[in-house]
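One structure is given below, encoded as structure tokens.
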Amino acid sequence: MPLNNSNAAILSDLNEPQKQAVTHRDGALLVVAGPGSGKTRVITRRAAYLVQTGVPARSILAITFTNKAAEEMRHRIEALGVSRGMWVYTFHALGVRLLREFGSLAHLQSGFSIYDEADSLRVVKEAMQIEGVSEAVLKPDAIRTRISHAKNRLLTPQECTEQADWFEQATVARVYEAYAQLLHTRNAVDFDDLLMRVAVVLRDHADITERLNIRFRYVLIDEYQDTNHAQYLIAHLLSKHHGNICATGDPDQSIYAWRGADIRNILEFERDYPNAVVVRLEQNYRSTGQILRAASQLIQRNRQRKNKKLWTAADAGEPVRMWEFSEGSDEAKRIADTIAELRGDRRRYSDFAIFYRVNAVSRGMEEALRNRGIPYKIARGVEFYNRKEIRDTLAYLRVLANPADEVALLRIINTPARGIGKTTVDRLRTHANETRKSLLETLRAAETAPGLRGAAVKRAHAFGELLGQMQTVLDTPISEAVSSVLSLSGLEEALRKERDVGGEDRLANVEELVTAAMRYERENEEASMAEFLNHISLVSDQDAVDENAGCVLLMTLHAAKGLEFPIVFLVGLEQGLLPHERSLGLSGDVEEERRLCFVGITRARERLYLSRAQERLIRGRPMPRPASQFIRELDTGDLIWKNYQTTSTRGFAGSTIDGFVPLVEDLPPEEAAKLTPKRRLRSGSLRATAGDGSGIGDEDALFAGRARSSEAAAGGSSSTGANWKPGTLIQHDRYGVGQVLWVRPGGGQTRAGIRFAGHGEKTLILELAPIRRLERGKQ
DNA sequence: AGCAAGATGCTTTTT
DNA sequence: GCATCTTGCT
């Protein structure tokens, strides 16, 4: 097809592989897109190209993982002049949309509720109670996770029961069955159902699949590396007849395996689609050469990947910094100072981002930034829709839209307080179960419940009456219904009465909900309350990340995917944090942690600061922190190292010179032994300028201390614990002499409780801690 | 019924 | 360290 003018515009600023991906017409296409390689550009241009070459916009279906990604894609495609009508959805929103049409096939009634993880957990607990499974034996959340994984793999409770070959699996299967039954009677689905049920309908109803294949002739899936089996099957079936599936993604950025994503979906794409065209986008337009080199070197350690050679035409740029601190608080302070300094140098606050592995690390960062007067925002946590007052309001609406929604009903039955206490609720629920009626019905016939006294019956009636009256608000516009519920329920009044701090905020929050409803009804004129509620269920805090808020942004590495910043601080490069300790066990996956680190590094455009602390507050307690293995893995020899050692905090066992503590682990042990403290210090600063990879910053030097203590830990024999009996005296590089109190092997690591003079008891990992045995008569 | 102190447990998380 | 749940008191 000859190119017309706009085609030329669509292709003009693309490189060759990008062009190939954009202009690929029919058949399977896999775009393996490295970070910063213009993936989003390729997807949007491809959509525009298809339309300009005659494919109706409404015949294209694009699937993303986040609402934010979907929105951005929609905007960018419209900006390219493509008419509306294209379907751009998240997998889950697509699920809702399809279940609205085919829900009856999945045994759902209209107005069904979507249960988030918190709701779902309540139902799991209820199911456990029914099945008589003690929460002490299996944690409800662990069961919830396992049910979730089963659903992602499209396993029904029956199949789980059949496959269960030991007691624990059978127990989970039993709870799963009861859980599914409870969801069914509540006319509710969880997040996983939105995928599983659609996948099953498509799998079992060839006619529907065929119709959808005719409706959508081109299917695009972004972040394909993060698809789970259900999503894989949905994508596969939706393109089964025409085969026009275009998957984009990067195996190196797969960071959700722990939640069911299967990296094999992308690694084995070519096996699933033998005629697939594979395009690799390897040119990076985002980062400097130095940043990209570190990232590439790190990720090459992974075995589970498609080889990919990232390159850039950009300058090498500034070397990557590696900062080491005595303590987490020093790290935070130094970073805040650096941001303040660099901001004077024509930088805006929104140029900076700070990434960490776990949310808990953000607190120290926040404090330091606050003290420095630096505006910041955190992309996490206390999201709008998770606030108590919002959830309460939504629970009322949920009960109105879906009277079977018992989780919501239980939430509001005594909120605000109306004298229906725990005892009354228990009796009502028992009676409801015995008479096989819904809780709502039982509420209205409370007098039939055994054990309920006059006053309790009256209150129950009154509440049932109230809900009945409220039912009429569903005939009004959504935002009006929200307002009416707020006043009729007494929630508004209760909030107004809250004189304590935050009462005003909570009132403002519920008003914000009314505003959100107004916005929604403007954009979706025909929508019902149930649809509004479904929409809200699928909104996440991830969607609220605003890269241009004029603030420094703080977020977890998971939240950082897909974003980019001129200057990035990646903090807490410590063994146990990144890689996280939960990935270091027997079943753990260090490769995913490495990918997480890779994702973090590749967010940086111009400057990258990596940092670690030797000691950090973990759950309020100071814990020694060994360096992350990733530091040496990514060190190309160009890193600029800096030790910010202070003695201001607590006395170290080692001698201190000029306010610095020698970092013994920075040098091979033989070297360290020869050096005087002063020379150690100088060698530290020498390394800080040795960017030529001359060998001074030997890649394993940092780990010399660790390697040595591992040797010592092994004690010449293969059994680690054997030589570390309680009572053994040891020497720790920083805490000095200590005595082993207990030893606990497990998960390839041996933990030991050691009491140090002046530092109290610490729990150390023998394989990692910078310790050595003290031989009798020595020292 | 309602509250407050105390115990427990938990810390990755697109939807 | 913090949030959530439990227990015990009024």
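Reminder, nothing fancy here: chain letters follow the sequence lines and each chain counts from 1.
- Within the structure, salt bridge (Lys or Arg N to Asp or Glu O under 4.0 Å) pairs that include any residue of residues 141-154 of chain A comprise Glu117(A)-Arg144(A), Asp141(A)-Arg144(A), Arg146(A)-Glu168(A), Lys151(A)-Asp190(A), Lys151(A)-Asp193(A) (at least two apart or interchain).
- Spacing between atom NE2 of His92(A) and atom P of dT13(B) amounts to 17 Å, rounded to whole angstrom units.
- Within the nucleic acid shown, Thr64(A) has no heavy atom closer than 4.0 Å to any nucleic acid atom.
- Atom NZ in Lys139(A) sits about 9 Å away from atom C1' in dC10(B), given to the nearest Å.
- Residues meeting the side chain to side chain donor-acceptor pair (under 3.5 Å) test with Arg429(A), sequence neighbours left out: Glu126(A).
- Side-chain contact, Gln629(A) with Gln575(A): a donor N or O sits under 3.5 Å from an acceptor N or O.
- Asp116(A) comes within contact range of no nucleotide atom at all, as no heavy-atom separation falls under 4.0 Å.
- Comparing dT13(B), dT14(B), dT12(B) by their nearest atom to the side chain of Ala261(A) picks out dT14(B).
- Heavy-atom distances to DNA chain B give each of Gly419(A) and Asp141(A) a nearest nucleotide, and the one nearer the 5′ end belongs to Gly419(A).
- Here the nucleotide nearest the side chain of Asp226(A), chosen from dC5(C), dT12(B), dT14(B), is dT14(B).
- Among the nucleotides dT14(B), dC2(C), dT12(B), the one closest to any side-chain atom of Arg363(A) is dC2(C).
- Using a 4.0 Å heavy-atom criterion, one finds that Glu117(A) contacts the bases of the nucleic acid, with or without backbone contacts as well.
- Distance CE (Met623(A)) to P (dC10(B)): 17 Å, rounded to an integer number of Å.
- Taking a pair as Watson-Crick or G-U with both hydrogen-bonding distances under 3.5 Å, the stems of three or more pairs touching DNA chain B are B:1-10 with C:1-10.
- Considering Ile378(A), Val361(A), Val571(A) as possible partners of Leu554(A), the one that fulfils the side chain to side chain contact (heavy atoms under 4.5 Å, CB included) test is Ile378(A).
- Within 4.0 Å of Ala93(A), counting heavy atoms only, lies no atom of the nucleic acid at all.
- Within the 4.0 Å cut-off from OP1 or OP2 of dT13(B), at least one side-chain nitrogen or oxygen of Asn359(A) is found.
- Put simply, Asn414(A) has a side-chain N or O that comes within less than 4.0 Å of OP1 or OP2 on dG2(B).
- For the residue pair Tyr115(A) / Ser537(A), no side-chain donor-acceptor distance below 3.5 Å is found, with atom types taken as modelled.
- Set against dT12(B), dC5(C), dG2(B), the side chain of Ala417(A) has dG2(B) as its closest nucleotide.
- In this structure, a donor-acceptor pair under 3.5 Å is present between the side chains of Glu389(A) and Asn509(A).
- Closest contact between the side chain of Arg259(A) and the listed nucleotides dG2(B), dT14(B), dC5(C) involves dT14(B).
- If Lys422(A) and Gln231(A) are placed on DNA chain B by their nearest nucleotide, the residue sitting closer to the 5' end is Lys422(A).
- Distance, Tyr256(A) OH to dT13(B) P: 8 Å, rounded to whole Å.
- At whole-Å resolution of the value, NZ in Lys388(A) and P in dC2(C) are 21 Å apart.
- Within the structure, a side-chain polar atom (N or O) of Thr556(A) is placed less than 4.0 Å from OP1 or OP2 of dT13(B).
- Taking only distance into account, the side chain of His558(A) meets the base of dT12(B) through a donor-acceptor pair shorter than 3.5 Å.
- Under the stacking definition used here (centres under 5.5 Å, planes under 30°), the residue Trp258(A) fails to qualify as stacked on the base of dT13(B).
- Results of the salt bridge (charged side-chain N to carboxylate O under 4.0 Å, His left out) test with Glu593(A) over Arg357(A), Arg301(A), Arg582(A) single out Arg357(A) as the only residue that passes.
- We find that CD of Glu135(A) is positioned 12 Å from C1' of dT6(C), with the value rounded to whole Å.
- Side-chain contact, Ser628(A) with Glu574(A): no donor N or O sits under 3.5 Å from an acceptor N or O.
- One atom, CE of Met555(A), and another, P of dT14(B), lie 12 Å apart when rounded to the nearest Å.
- Counting only N and O atoms by type, the side chains of Asp392(A) and Thr415(A) include no donor and acceptor under 3.5 Å apart.
- dT13(B) atom P lies 11 Å from atom CZ of Arg582(A), rounded to whole Å.
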